[in-house]
Amino acid sequence: MHDQTLTQLARALADGEVSSRELTQTLLGRIERLDGRLNSFISITQEQALAAADAADALRAKGQAGPLTGLPLALKDIFCTNGVKTSCGSKMLDNFIAPYDACVVEKLKAAGTVSLGKTNMDEFAMGSSNENSHYGPVKNPWDLDAVPGGSSGGSAAAVAAGLVPAAMGTDTGGSIRQPAAFCGITGLKPTYGRVSRYGIIAYASSLDQAGPMARTAEDCALLLGAIAGHDLRDSTSVARGVPDYRAELGESLSGLKIGLPREYFGDGLAPEVEQAVREAIKVYESLGASIHEVSLPHTHYAIPAYYVIAPAEASSNLSRFDGVRFGHRCDAPSDLIDLYKRSRDEGFGSEVKRRILIGTHTLSEGFFDAYYTQAQKVRRLIRQDFLDAFEEVDVLMGPASPTPAFDLGANKDPVSMYLQDIYTIAVNLAGIPGISVPAGFVGSRPVGLQILGPHFAESQLLNVAHQFQQATDWHQRRPALAEESA
C-alpha cells in the first residue's frame, strides 16, 4: 500500500480493498521503522490518526465518504493543529501546543483526511536544505548524504520514502518546489491568495503560500480542491470560486505555447540538470506543444529584492515571540528586558537571527526608503515580466533548482545557500502559481522540471504536469528505502 498514489489509495478505499485503519496502521509502522534514518517527522500523532481513521471508516460504511475520506497524509509543522505541538522547527516553539486549527487543517479534517503527524522543516521556514531545524537535519531518501531541500524538506522526504502518500508544505521562495525537485516528487505552489494563510505561522506574509506535495499532479489536484477557497479570517485570501482541478487533466496539449526564459538557462545551471530539463521539454514537443524563447529581464534582481522584503516581514512577524505570552522563556530573568533578550537569543537559531537582523536594519529610519521601498519597486517589475511573458506563451518552463540535491553541510556560506533559490524566488514575488515535477536524475539524485503559469491558472498547470507524467515514468521511480516493507 505504501507505494500507491493518493488517487490509487482513494480507489482502494472506495472498493473496500483496504480500510482507513489498516492503511493508517501500515504507514505508522513504516514511520516507526524507517524515519530514524530520515528524521522527516517532528511529531507522530498516532492516537489522533487512528481515531480519525475509525471515523472515516464509519462514514464510508454509511455511504457518506468523500474523495479524500480516510486518506492519510502529513502536515508541515508550520500549520497550527489543535492540541498538537506546532514547533515551526524551532526551540522557540518547542513547548507550544496549538489551541486551534489552521484553515488548511480545518479543511483537510472536514474532507475526512487522516493526519499522521507533523513534518520537520527549516526553522520558521528559513532555509533551502532543512539543515536549520532545531530537531536536526532531514536526509534525502535517494541519498542519505544529501539534503532533501527546504524548508518543506520533511514533507518531501516523507512522501518520497513512502511514509505518507502526500503532505502539506508552504512556499515562501521555493520551499515546496525545490524540495519536491530534490526528492523526486510533485509539489505545487498555488497563486498567492488561493489558499488561506490563517493558522500558518508567518515568515513573510506577502510571500507565504500553502500547497500540496505528492507523487503526481493528479494527487495535487485532488488536494488543492480541498484546501483552496476564500477565508474571511485571511485578508489576503481571494474571494474566487474553486474549480474542479481534476476536470481538465485529460485535455490535449496540442497548440500549447511553452516559453523558455533565457535567464533560466545561463551561467550557474549545472549542465546535467539543463540536459534533463531540455529532454523533458522534448517530450512536450512530442505531445504537440510549441517552444518559444522568452525573456524575464529582471530575474537577476529577484534574490536581492527577496532578501530585503522577506527578512523585513520576518522581523515584524517574529517580534511576537518575546518569552511573555507563549513559546520559550529563559530561566530566572532579572527584568523584562533581560527576559525578552535572553528568551529570543536562546529560542532562535542562527539563520533566523540573521534574517531578523537584516530585516530590522532594512526597516530602520534612514534605510526604509533606500532598501525596502526600492525592493518593492523591483518586485513590481518582476511581476510585470511574467505578465508580459504570458501575453506570448501559455506556460513557462525551466529548472526548479540549478543543481540536484547537494551534500549535507556542503553550503556553509549563507549567500551560496540563498542562490539555490534563483529560479523559484521570483515566482513568489510575482504571486503566480508554479509546480515542480520529476524529470530525470543526475546520478542517484532527482531533477525537477518547474512549470509556471498565470495567476489562478492552476488547472492548466496541473494538466500540463499530468500529461508529462502520462508520457514518462520519472514520478514512478522510488528510492531503495521506499521499497523496504514495514
Side-chain angles (χ1 to χ4, degrees), residues 128 149 173-174 176-182 184 186-187 189 253 256-287 289-306 378 381-406 411 415-430 432-443 445-454 461 464-465 467-468 471-472 474:
S128 304
I176 286 175
R177 291 160 289 147
Q178 185 246 29
F182 280 9
T186 304
K189 177 245 175 235
L253 298 187
L256 181 78
K257 295 181 180 179
I258 297 173
L260 303 186
R262 63 175 64 99
E263 293 80 6
Y264 287 15
F265 292 89
D267 294 340
L269 176 60
E272 301 89 345
V273 172
E274 179 174 1
Q275 181 181 353
V277 169
R278 291 196 181 277
E279 289 296 323
I281 291 165
K282 289 180 182 178
V283 173
Y284 279 103
E285 288 186 284
S286 71
L287 295 174
S290 59
I291 309 301
H292 309 265
E293 186 177 90
V294 298
S295 179
L296 302 173
H298 296 95
T299 295
H300 61 290
Y301 294 117
I303 285 183
Y306 177 91
V378 171
L381 295 174
I382 290 170
R383 181 178 182 272
Q384 191 60 49
D385 284 350
F386 283 108
L387 295 179
D388 292 343
F390 290 128
E391 289 291 322
E392 302 176 27
V393 296
D394 300 307
V395 298
L396 300 173
M397 289 188 187
S401 175
T403 68
F406 47 88
N411 279 331
V415 175
S416 65
M417 187 71 79
Y418 298 162
L419 291 172
Q420 287 293 323
D421 297 330
I422 181 66
Y423 304 131
T424 56
I425 276 177
V427 176
N428 298 77
L429 292 170
I432 63 172
I435 190 170
S436 176
V437 296
F441 288 85
V442 175
R445 302 184 183 186
V447 172
L449 170 70
Q450 182 176 216
I451 311 168
L452 310 176
L461 275 189
V464 171
Q467 294 302 322
F468 179 74
T472 64
W474 299 116

- Note on the structure: Looking only at heavy atoms, the pair that brings Ala439 and Ala280 closest together is CB-CB, 4.1 Å

- Is it true that a side-chain atom of Asp394 and a backbone atom of Lys257 form a donor plus acceptor pair closer than 3.5 Å? yes

- Supply the atom-to-atom distance Ser128 OG to Leu419 CG, rounded to the nearest 0.5 angstrom. 9.5 Å

- Item | Side-chain heavy-atom pair Pro399, Leu269 within 4.5 angstrom cut-off | yes

- Task: Return the minimal non-hydrogen interatomic distance between Ala276 and Val447, and the atom names on each side.
- Result: CB-CG1, 4.0 Å

- Do you know the tightest heavy-atom contact between Ala426 and Ala302? CB-CB, 4.0 Å

- Task: Measure across Ala305 and Val378 and return the closest heavy-atom pair with its distance rounded to 0.1 Å.
- Result: CB-CG1, 4.0 Å

- Measuring from Ile435:CD1 to Met397:CE, what's the distance to the nearest 0.5 Å? 10.5 Å

- Message: Just by distance, no angles: are the side chains of Ser436 and Gln178 close enough, under 3.5 Å, to form a donor-acceptor pair?
- Response: no

- Where do Pro404 and Val442 come nearest, in terms of heavy atoms and distance? CG-CB, 3.9 Å

- Note on the structure: Across all chains, not counting sequence neighbours, the salt bridge (charged side-chain N to carboxylate O under 4.0 Å, His left out) partners of Glu392 are none

- Can you sort out the partners of Glu272 under side chain to side chain donor-acceptor pair (under 3.5 Å), two or more places apart, ordered by chain and number? none

- Query: Got a second to check how far Leu396's CG is from His292's NE2, nearest 0.5 Å?
  - Reply: 11.5 Å

- Query: So do Val294 and Val393 actually touch side chain to side chain, heavy atoms under 4.5 Å?
  - Reply: yes

- Query: Below 4.0 angstrom, N of the basic side chain to O of the carboxylate: do Lys282 and Glu285 qualify?
  - Reply: no

- Indicate yes or no: at least one non-hydrogen side-chain atom of Pro297 is less than 4.5 angstrom from one of Asp385. yes

- Run the numbers on Leu429 and Arg383 for side chain to side chain contact (heavy atoms under 4.5 Å, CB included), then give the verdict. CA-CA 7 Å; Leu429 292 170; Arg383 181 178 182 272; over 6 Å; no

- Task: Decide yes or no for Leu260 and Phe265: does some side-chain heavy atom of the first lie under 4.5 Å from some side-chain heavy atom of the second?
- Result: yes

- Sorted by chain and residue number, the side chain to side chain donor-acceptor pair (under 3.5 Å) partners of Thr424 (sequence neighbours excluded) come out as none

- Would you call Phe406 and Met417 a side-chain contact if the rule is heavy atoms closer than 4.5 Å? yes

- Item | Close side-chain approach of Tyr423 and Pro261, heavy atoms under 4.5 Å | no

- Note on the structure: Taken to the nearest 0.5 Å, the spacing of Leu449 CG from Thr186 OG1 works out to 10.5 Å

- Passing option when Ser401 is tested against Arg177, Gln420, Gln450 for side-chain contact (heavy atoms from CB on, under 4.5 Å): Gln420

- Task: May I have the step-by-step check of side chain to side chain contact (heavy atoms under 4.5 Å, CB included) for Leu296 and Phe386, ending in yes or no?
- Result: CA-CA 7 Å; Leu296 302 173; Phe386 283 108; 3.7 Å; yes

- Query: Out of curiosity, Ile422 CD1 to Thr299 OG1, how far, rounded to the nearest 0.5 Å?
  - Reply: 7.5 Å

- Item | Heavy-atom side-chain proximity of Tyr264 to Val277 below 4.5 angstrom | no

- Task: Measure the acute angle between the ring planes of Phe468 and Tyr284, then classify it against the limits of 30° and 60° as parallel, tilted or perpendicular.
- Result: parallel

- Output the distance between atom CG (Leu256) and atom CD1 (Ile291), rounded to the nearest 0.5 Å. 8.0 Å

- Task: Measure across Pro402 and Val273 and return the closest heavy-atom pair with its distance rounded to 0.1 Å.
- Result: O-CG2, 3.9 Å

- Would you find a donor on one side and an acceptor on the other, under 3.5 Å apart, between the side chain of Lys189 and the backbone of Asn428? no

